[in-house]
Amino acid sequence: MMTNDIAGTATIARAPATARKVVLRADNLGVVFDDGHRRVEAIRKVDFELYQGETLAIVGPSGCGKSTLFNAIAGLLRPTRGHVEAAGRRVDDATGHVGYMLQKDLLLPWRTVIDNVILGLEVRKVPKPRAYAIAQELIRAYGLAGFEHAKPASLSGGMRQRVAIMRTLAFDPEVILLDEPFSALDFQTRLLLQADVSRIIAERRKSAILVTHDIGEAIAMADRILVLSGRPATVRALHTVDLPRVGRDPVALRTDPAFQDYFARIWADLEMPS
Ligand code: ADP
Ligand code: MG
């Protein structure tokens, strides 16, 4: 089955949404933090489906509950209401199904590049020779050959984020979750990595959820964009992004009138009073 529609290749017809396989579903999610002293409602009601092979961006203003939603999707936080299902199972039991990558790369500073890439494989008890072979293939494919034995401190921010994405890909999760993965990087590196990571996700036929406050990042990387309200988060809008992206120069992409049109529409969604 051809699911790689991120490539935007004209010869591949986009299957109608109803025919596409759902790989992850959030159903009536609500999250309230309550420590007995203070009650914070972070998420009121969020529902969505993630289709196989697509990247879904979730955008919303800072503090609206994006990281909370991310944690619930990753199975790191149990929602107060509703649930998240991946491959027909609740995410808190579906270990290994979802791989995630955060804004801070969280590489272990005392480990080399290759030993950081194999981390998830090690945890899953993959034999060392096999783990190193997988890591080496990723390192070569994604432009870090020669840096296998370097320590993270000697790499640029962009290179560290590449190592982080390789580590996420190494154990071959069906769904990749990204929480503001590029926001700590300088502008130029960010645009280049957005393009890189989009291409990697497409090449590996992964499905991904990108959580970000950056509208441009969402348009540059996602097939669909879910717009959240301010806290407590609810769904304001859902846009389908029909724009050729992969292999395109990041600046050309951003100056495309269609890109700017999406930007204006999502900006207006975010400006709506709660
Ligand atoms: P975003 O990622 O969109 O910036 P967050 O999900 O981090 O937003 O936070 C949403 C709201 O929930 C904020 O008001 C934050 O202070 C609150 N919050 C997040 N985590 C906790 C927690 N563990 N306990 C209490 N409040 C929290
Ligand atoms: Mg956040």
Side-chain angles (χ1 to χ4, degrees), residues 24-48 50 55-84 86 90-92 98-107 157-158 160-161 164-165 167-168 175-187 189-191 193-194 197 201 208-222 224-239 263 265-274:
L24 187 143
R25 169 181 288 121
D27 188 19
N28 193 27
L29 275 191
V31 177
V32 177
F33 294 107
D34 192 345
D35 62 6
H37 302 285
R38 211 168 74 98
R39 185 179 180 279
V40 177
E41 185 181 14
I43 299 172
R44 176 150 301 168
K45 178 172 162 44
V46 171
D47 299 89
F48 64 84
L50 176 70
T55 295
L56 175 72
I58 299 178
V59 300
S62 287
C64 80
K66 295 185 298 299
S67 291
T68 302
L69 181 59
F70 180 94
N71 289 337
I73 298 166
L76 302 169
L77 174 146
R78 193 178 286 271
T80 315
R81 191 182 46 249
H83 63 271
V84 179
R90 301 275 170 111
V91 287
D92 37 4
V98 168
Y100 47 88
M101 179 171 141
L102 309 171
Q103 172 185 343
K104 225 174 147 292
D105 56 50
L106 298 177
L107 300 179
R160 282 201 298 272
Q161 277 305 61
I165 188 91
R167 183 177 59 187
T168 307
V175 177
I176 294 179
L177 304 179
L178 308 152
D179 187 3
E180 312 262 9
F182 313 115
S183 44
L185 303 170
D186 65 85
F187 187 68
T189 306
R190 199 185 316 157
L191 297 200
L193 260 192
Q194 286 165 2
V197 170
I201 289 170
I209 296 178
L210 166 71
V211 170
T212 182
H213 69 274
D214 182 334
I215 303 172
E217 180 167 289
I219 302 166
M221 295 185 68
R224 293 190 303 149
I225 301 176
L226 189 77
V227 184
L228 300 179
S229 68
R231 189 176 65 82
T234 55
V235 176
R236 272 231 168 121
L238 181 61
H239 297 271
F263 195 101
R265 281 157 58 191
I266 293 165
W267 180 269
D269 291 339
L270 291 170
E271 291 270 280
M272 265 166 50
S274 292

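The shown structure was predicted, so the numbers you read here are calculated from the model rather than taken from an experiment. Counting starts at 1 for both ligands and their atoms, following the listed order.
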| task | Look only at the side chain of Gln161 and the backbone of Pro181, and say whether a donor-acceptor pair between them is shorter than 3.5 Å. | result | yes
| request: Could you tell me the residue and atom name of the protein heavy atom closest to atom 8 (O) of ligand 1, and the distance to it rounded to 0.1 Å? | output: Gly65 N, 3.2 Å
| note | Closest to atom 26 (N) of ligand 1 among protein heavy atoms sits Phe33 CD1, 3.5 Å
| remark: for atom 11 (C) of ligand 1, nearest protein heavy atom and its distance come out as Arg231 CD, 3.5 Å
| query | Looking only at side chains, do Thr189 and Asp186 share a donor and an acceptor under 3.5 Å apart? | reply | yes
| request: Verify, without hydrogens or angle tests, whether Lys66 (side chain) and Gly60 (backbone) share a donor-acceptor contact under 3.5 angstrom. | output: yes
| Taking heavy atoms and a distance under 4.0 Å, where does Arg38 meet ligand 1: side chain, backbone, both or neither? | neither
| message | Restricting to N/O/S atoms, is Ser67 within less than 2.8 Å of the Mg ion (ligand 2) or not? | response | yes
| field | Interatomic spacing from OG in Ser229 to CE in Met272 - rounded to 0.5 Å | value | 8.5 Å
| remark: Nearest non-hydrogen protein atom to atom 7 (O) of ligand 1, with distance, is Ser67 CB, 3.7 Å
| Okay, side chain of Arg236, backbone of Asp269: is any donor-acceptor separation there less than 3.5 Å? | yes
| Leu228: which of Ile43, Val59, Val211, Leu69 passes side chain to side chain contact (heavy atoms under 4.5 Å, CB included) | Leu69
| message | Could you check whether atom 23 (N) of ligand 1 has a protein contact, counting only heavy atoms that fall below 4.0 angstrom? | response | yes
| request: Would you check the N or O atoms of Ser62, main chain and side chain alike, for any that come under 3.5 Å of an N or O of ligand 1? | output: no
| message | Is atom 15 (C) of ligand 1 touching the protein, meaning some protein heavy atom lies under 4.0 Å away? | response | no
| query | Taking only heavy atoms of Lys66, which atoms of ligand 1 are found under 4.0 Å from at least one of them? | reply | 1 (P), 2 (O), 3 (O), 4 (O), 6 (O), 8 (O)
| field | Under 3.5 Å: N/O of Ala42 near N/O of ligand 1 | value | no
| Distance-only, no hydrogens or angles: does the Asp27 side chain make a donor-acceptor pair with backbone N or O of Gly82 under 3.5 Å? | no
| field | Protein heavy atom at shortest distance from atom 6 (O) of ligand 1 | value | Thr68 OG1, 2.6 Å
| message | Quick one, Leu210 and Ile58 - any side-chain contact, counting heavy atoms below 4.5 Å? | response | no
| query | So, does Arg81 use its side chain to make a donor-acceptor pair with the main chain of Arg44 at under 3.5 Å? | reply | yes
| message | Using heavy-atom distances only, which candidate in Gly63, Ala233, Pro232 approaches atom 13 (C) of ligand 1 most closely? | response | Gly63
